[in-house]
Amino acid sequence: MKKNKNSSKNKISIIVLAVISAAYVVLYFTNGDMFEKSIGKFLGLVLQIAPFLLLVFIIMFFNFWFLKPEMIKKYLGEQSGLKGYIFAILAGIISVGSVYMWYPLLKELRGSGMSDKLIAIFIYNRSIKLHLLPLMILYFGLTFTSALTAATILFSLIIGFVVHKFTLEKTDSLH
Amino acid sequence: MIADKSKFKTVLNKTWKAFQFIIPIILSVLLIVAFVQAVVPVESYHKIFTGNLFLDPLIAAVLGSISLGNPIVSYIIGDGLLQSGVSLVAVTAFIISWVTVGFIQLPAEAFYFGKRFAIVRNTTSFLGAIVIGIIIGGLL
């Protein structure tokens, strides 16, 4: 049953990719310049995230190898308490790559007991990019960077609570 | 040892299956992002802000929400906007919404966590970007 569901989800994602690719084919015939510009940016983005994809694969592998559902429930589950918040914030900050690369892993963790509140906190804290902080300081100064980082952590908790409140009664999906 | 080898194979297979599943989604998002980046030139951002304390961060948050890409790009545009006289309130809302809101990624997020989660999280993050912009931009 689960296998059928996953397989149908996989088919949908391939159909979506096919539709977008078809739109690019149409763009190629209707606006060649725009096509070249878009495809150039696309290739640049692919090259940019390729190393991160490898890292995500490795982290996913170790996640499957070491992480037990009991552990997740302990650190990131509903009963994880303060430790769960700290863990979600730190994990969000140190995680790298595009957010959508983390969705499958977070979904796995959710299946193992991670709450929507902590998922929202994790996703929000991903906006703090450790490796880009020097660049942010360079552009906007240390005071601004410190204030924005502190505000982001604080707001992640607020957003976590709002998401928790609105998803508590009913959790729906596209399927 | 044999058990470890068997576990390695099983876990690798499991990881590969999970990973295979995300590739078409990532490629779809990147194709959309590339198109949006190609269509919306950087200079167009400079013409939109009027100096209004509430309207500017709102516009900035909308632009940041639909402008996906490396955060470095948002820093460069943000710096350019500041140099052009756009307020820090708007620039803060812009750079924070760039990384916290993903309207283009919304279908992918809903796909994994459900529509309700994706809509609530993105809407709250959008409003949060405006509030953070007003607080930080107002204080500094």
Report task. State the OG1-CD1 distance between T145(A) and I137(A), to the nearest 0.5 angstrom. Result -> 5.0 Å
Requested in this report: Could you look at L27(A) and say if it's the side chain, the backbone, both or neither that has a heavy atom under 4.5 Å from chain B?
Outcome: side chain
Requested in this report: Classify the ring geometry between Y103(A) and Y112(B) as parallel (under 30°), tilted (30 to 60°) or perpendicular (over 60°).
Outcome: tilted
Query raised in the report: What are the two closest heavy atoms between A61(B) and A129(B), and how far apart are they?
Result: CB-CB, 4.5 Å
Requested in this report: Name the option with the most non-hydrogen atom pairs under 4.5 Å to chain A; the candidates are I135(B), T124(B), I23(B), L31(B).
Outcome: L31(B)
**Report entry** Heavy-atom pair with the smallest gap, counting every atom of G78(B) and F94(B)
**Finding:** N-CE2, 4.4 Å
Report task. Name the member of V11(B), V120(B), T10(B), L127(B) that forms the most heavy-atom pairs with chain A at distances under 4.5 Å. Result -> V11(B)
Query raised in the report: Considering only heavy atoms, which portion of V19(A) lies under 4.5 Å from any heavy atom of chain B: side chain, backbone, both, or neither?
Result: neither
Query raised in the report: Quick one: of I119(A), T143(A), I158(A), who has the most non-hydrogen atom pairs under 4.5 Å with chain B?
Result: I119(A)
Query raised in the report: With a 4.5 angstrom heavy-atom cut-off, which part of L82(B) approaches chain A: side chain, backbone, both or neither?
Result: side chain
Requested in this report: Name the region of L140(B), side chain, backbone, both or neither, that has any atom closer than 4.5 Å to a heavy atom of chain A.
Outcome: side chain
Requested in this report: Determine the interplanar angle of the F113(B) and F117(B) rings, folded into 0 to 90°, and report it as parallel if under 30°, tilted if 30 to 60°, perpendicular if over 60°.
Outcome: tilted
Query raised in the report: Is there a side-chain contact between I95(B) and V99(B), using heavy atoms and a 4.5 Å cut-off?
Result: no
Query - When P104(A), A147(A), S156(A), A151(A) are compared by non-hydrogen pairs under 4.5 Å with chain B, the top option - result: P104(A)
Query raised in the report: Is it the backbone or the side chain of I96(B) that comes under 4.5 Å from a heavy atom of chain A, or both, or neither?
Result: side chain
Report task. Could you go through the side chain to side chain contact (heavy atoms under 4.5 Å, CB included) check for N125(A) and I153(A) one step at a time? Result -> CA-CA 6 Å; N125(A) 277 289; I153(A) 293 172; 3.5 Å; yes
**Report entry** Interchain contact, V91(B) with chain A, by part (heavy-atom threshold 4.5 Å)
**Finding:** side chain
Report summary line: Applying a strict 4.5 Å limit to non-hydrogen atoms, the region of F155(A) in contact with chain B is side chain
Query raised in the report: F35(A) vs Y24(A) aromatic rings, parallel, tilted or perpendicular, using cut-offs 30° and 60°?
Result: perpendicular
Requested in this report: Sort L12(B) into side chain, backbone, both or neither according to what part of it lies under 4.5 angstrom from a heavy atom of chain A.
Outcome: both
